[in-house]
2 protein chains.
Amino acid sequence: MARLKEFNEEDALDKAIEIFWSKGYNGTSAQDLVTHLGLSRSSLYDTFGDKHSLFIKALQRYQKKSYDDIAGLLQKSTNIKETIKEMFAQAILESFEDKITKGCFMVNSTVELAIHDAEIEKVVNDNRLKMEEVFFLAVKRGQELNQISSATDPRLLARFIFNNYSGIRVLARSTGTPKQVFDDVLKVLLSVL
Amino acid sequence: MARLKEFNEEDALDKAIEIFWSKGYNGTSAQDLVTHLGLSRSSLYDTFGDKHSLFIKALQRYQKKSYDDIAGLLQKSTNIKETIKEMFAQAILESFEDKITKGCFMVNSTVELAIHDAEIEKVVNDNRLKMEEVFFLAVKRGQELNQISSATDPRLLARFIFNNYSGIRVLARSTGTPKQVFDDVLKVLLSVL
DNA sequence: TTAATTTCAGAATGAACGTTCCAATTTAAT
DNA sequence: ATTAAATTGGAACGTTCATTCTGAAATTAA
C-alpha cells in the first residue's frame with residue numbers, strides 16, 4: 001500500500017555502529033548520523049526513534065555480532081590456546097588497519113556511558129558475563145584437553161583473559177602504540193595459559 | 001595594583017579533573033564546569049582559556065599526579081611484588097568508593113579522544129611510555145632481588161602490567177562488576193610475577 | 001486510476017552549546 | 001583619594017544541538 005524504504009535497516013545500523021564507535025555517543029551529532037548513514041533526518045528518526053534509541057540498538061547489534069564471532073571460534077576450536085592466540089592476534093591486526101573504527105565499541109561505551117546510563121550499564125554487564133562464560137567454557141575444555149595449564153581455576157583465567165582483551169582495546173585507541181607492545185602483552189598472556 | 005583571585009588555581013584544576021573524569025570531554029558542558037568549579041564563566045575563561053585548553057591542563061595535571069604516585073611507591077619499595085599488589089588493590093578499592101570519579105581519567109581520555117585529537121594522543125603516549133618505564137625498572141629490580149620471577153623479560157612484564165592496569169580501569173567504569181572479578185584478575189596477574 | 005500510506009529531503013524549531021562582553025567590584029601602589 | 005589593573009557575576013552572542021514538521025514523491029492494493 002505504501003512506498004518502500006530505499007535503504008536497508010541493518011546496513012544503516014552497521015553504519016551507525018561505525019560512527020558511534022569512532023566518535024562516541026556524545027561526540028556524534030545528528031548531522032554526523034545523517035551524513036554517515038546516508039539517509040535523511042526524517043527517515044532516521046522515523047526508523048530508529050531518537051539518538052539514544054539508535055545508539056542502544058547499534059550497541060546491542062555490535063554485542064551480538066562480536067560475541068557470536070568469538071563464541072563461534074572458541075566453540076568449534078580443536079586447539080583452544082591457539083584459537084585464543086589467533087583471536088588476540090586478529091584484534092591487534094585490526095587496530096592497525098586503516099579504518100575509522102579502532103579498539104572496541106563495547107569498551108568505548110563502557111568508559112563513556114556506563115556510570116551515567118543504566119540502560120548502557122545493563123548491556124555492558126550482560127556482555128561481560130557472556131564473554132566471561134564463553135572464555136570460561138573454552139578454558140575449561142582447553143584444560144581437559146591438556147592444551148591449557150590446569151594450575152589455575154578456569155573462572156579466574158576467563159576473567160583474566162577478558163581483562164587483557166579490554167586492555168589491548170584501550171591501547172588500540174591510541175595510534176601511537178607500536179605493534180611490539182601488543183605482541184609483548186599477548187606473549188605474557190599466553191604464557192599463563 | 002589589582003584585585004586578587006578569589007579561588008586557588010590548582011584547586012580549580014582538581015575540580016576540573018573530577019568533572020571531566022566523571023563525564024568525559026564531550027559530556028561536560030561549560031555550565032557543568034562553572035557549577036562544579038564554583039567560579040564564574042569569565043573567571044574560568046580568563047584563567048584557563050577555552051574548554052579544550054582546560055581539559056589538556058587537567059589531564060596533564062592528572063598524569064603527573066598519578067605517575068608521581070606510582071613511581072614514588074615503586075621506587076621506595078623494598079618488596080616490589082608486594083607493592084604492585086598493593087597498588088592494584090588500592091585501584092580496585094577506589095573504584096568501590098562513593099565518588100563521581102571511577103576508573104582512570106587517562107584511560108577515559110584515551111578511549112574518547114586519542115584518535116581524534118593529536119594533542120591528547122601525545123599526552124596519552126607520553127604517559128604510556130613513562131608508566132612502562134617505571135614498571136620496567138621496578139620489575140627489573142624485583143627480579144634482581146629475587147622477588148619477581150626472572151623467567152620473563154622485564155620489558156614484557158612491564159607492558160603486561162600496564163595492560164592489566166588499563167583493563168581493570170575499564171571494568172571499574174561499570175558499577176555492576178563484582179569485586180571478586182577484580183580480585184581474580186589480580187590473582188592471576190600476580191601469579192605471573 | 002484512485003486511494004491509502006509511507007518515505008523522503010530539507011526547512012524550521014527551541015534548547016543548549018561554547019565563548020565573549022560588560023559593568024560593577026576589588027585591590028594596592030601612587 | 002586617585003588611579004590602574006584584574007576579577008567578578010551574569011547577560012548576551014552566534015552557533016550547533018537533537019528533534020519535529022511540512023509537503024511532495026513514491027508505492028501498491030483496490
Side-chain angles (χ1 to χ4, degrees), chain A residues 1-60 105 108-109 112-113 116-120, chain B residues 1-60 105 108-109 112-113 116-120:
Chain A
M1 284 267 236
R3 186 173 169 180
L4 300 176
K5 269 192 167 54
E6 290 176 9
F7 63 93
N8 177 283
E9 213 167 299
E10 297 203 331
D11 290 348
L13 257 187
D14 285 337
K15 293 279 191 183
I17 289 174
E18 266 186 14
I19 191 70
F20 280 133
W21 186 350
S22 173
K23 307 181 92 175
Y25 178 75
N26 289 311
T28 302
S29 67
Q31 185 54 52
D32 287 334
L33 290 166
V34 167
T35 303
H36 198 80
L37 272 64
L39 31 121
S40 70
R41 281 164 138 68
S42 45
S43 303
L44 204 160
Y45 276 83
D46 284 352
T47 309
F48 299 110
D50 61 13
K51 181 182 168 185
H52 190 266
S53 305
L54 173 56
F55 187 87
I56 297 277
K57 278 183 198 124
L59 186 60
Q60 283 172 334
F105 185 28
N108 300 358
S109 303
E112 184 184 8
L113 303 169
H116 297 292
D117 186 324
E119 220 171 331
I120 301 283
Chain B
M1 281 269 235
R3 185 171 170 181
L4 300 176
K5 269 192 164 59
E6 289 177 11
F7 63 93
N8 177 283
E9 215 167 296
E10 299 203 330
D11 290 349
L13 257 186
D14 285 337
K15 294 279 192 183
I17 290 174
E18 266 186 14
I19 191 71
F20 279 133
W21 187 349
S22 173
K23 306 180 94 176
Y25 179 74
N26 289 312
T28 303
S29 68
Q31 185 55 50
D32 286 335
L33 290 165
V34 166
T35 304
H36 199 79
L37 273 63
L39 31 121
S40 70
R41 276 159 196 276
S42 44
S43 303
L44 203 160
Y45 276 82
D46 285 351
T47 308
F48 299 110
D50 61 12
K51 180 182 168 184
H52 191 264
S53 305
L54 173 55
F55 186 87
I56 298 278
K57 278 182 197 123
L59 186 60
Q60 283 171 334
F105 184 27
N108 301 357
S109 303
E112 184 185 8
L113 303 168
H116 298 290
D117 186 324
E119 220 170 331
I120 301 283

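Convention: sequence-line order gives letters A, B, ...; per-chain numbering from 1.
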Q | Test item: A/Glu119 side-chain N/O and A/Ile56 main-chain N/O as donor-acceptor pair under 3.5 Å | A | no
Quickly work out the [X] [atom1] to [N] [atom2] distance and round it to whole Å.
| X | N | atom1 | atom2 | answer |
| --- | --- | --- | --- | --- |
| B/Gln31 | D/dG9 | CD | C1' | 12 Å |
| A/Asp46 | C/dT6 | CG | P | 11 Å |
| A/His52 | D/dC17 | NE2 | C1' | 16 Å |
| B/Phe55 | C/dC17 | CZ | C1' | 18 Å |
| A/Leu44 | D/dC21 | CG | P | 16 Å |
| B/Asp50 | D/dC13 | CG | C1' | 17 Å |
| B/Leu37 | D/dT8 | CG | P | 12 Å |
| B/Phe7 | D/dT7 | CZ | P | 8 Å |

**Q.** Any A/Ser40 side-chain N or O less than 4.0 Å from OP1/OP2 of C/dA9
**A.** yes
Q. Is A/Ser43 near enough to C/dC8 that one of its side-chain N or O atoms lies under 4.0 angstrom from OP1 or OP2?
A. yes
Q: Look at atom NZ of B/Lys15 and say whether more than 12 heavy atoms of other residues, nucleotides or ligands are closer to it than 6.0 Å.
A: no
Q: Could you tell me whether the side chains of A/Ser43 and A/Asp46 share a donor-acceptor contact shorter than 3.5 Å?
A: no
Q. Do A/Thr35 and A/Asp32 have side-chain N/O donor and acceptor atoms under 3.5 Å apart?
A. no
Q: Give, for atom CG of A/Leu37 and atom CG of A/Asp14, the distance between the pair rounded to the nearest 0.5 Å.
A: 9.5 Å
Q. Can a donor-acceptor pair under 3.5 Å be found between the side-chain atoms of B/Ser29 and the base atoms of C/dA16?
A. no
Which of the following nucleotides, [options], is nearest to the side chain of [X]?
| X | options | value |
| --- | --- | --- |
| A/Lys51 | D/dA18, D/dG9, C/dA9 | D/dA18 |
| A/Tyr45 | D/dA18, C/dT19, D/dC21 | D/dA18 |
| A/Arg41 | C/dT19, D/dG9, D/dT20 | D/dT20 |

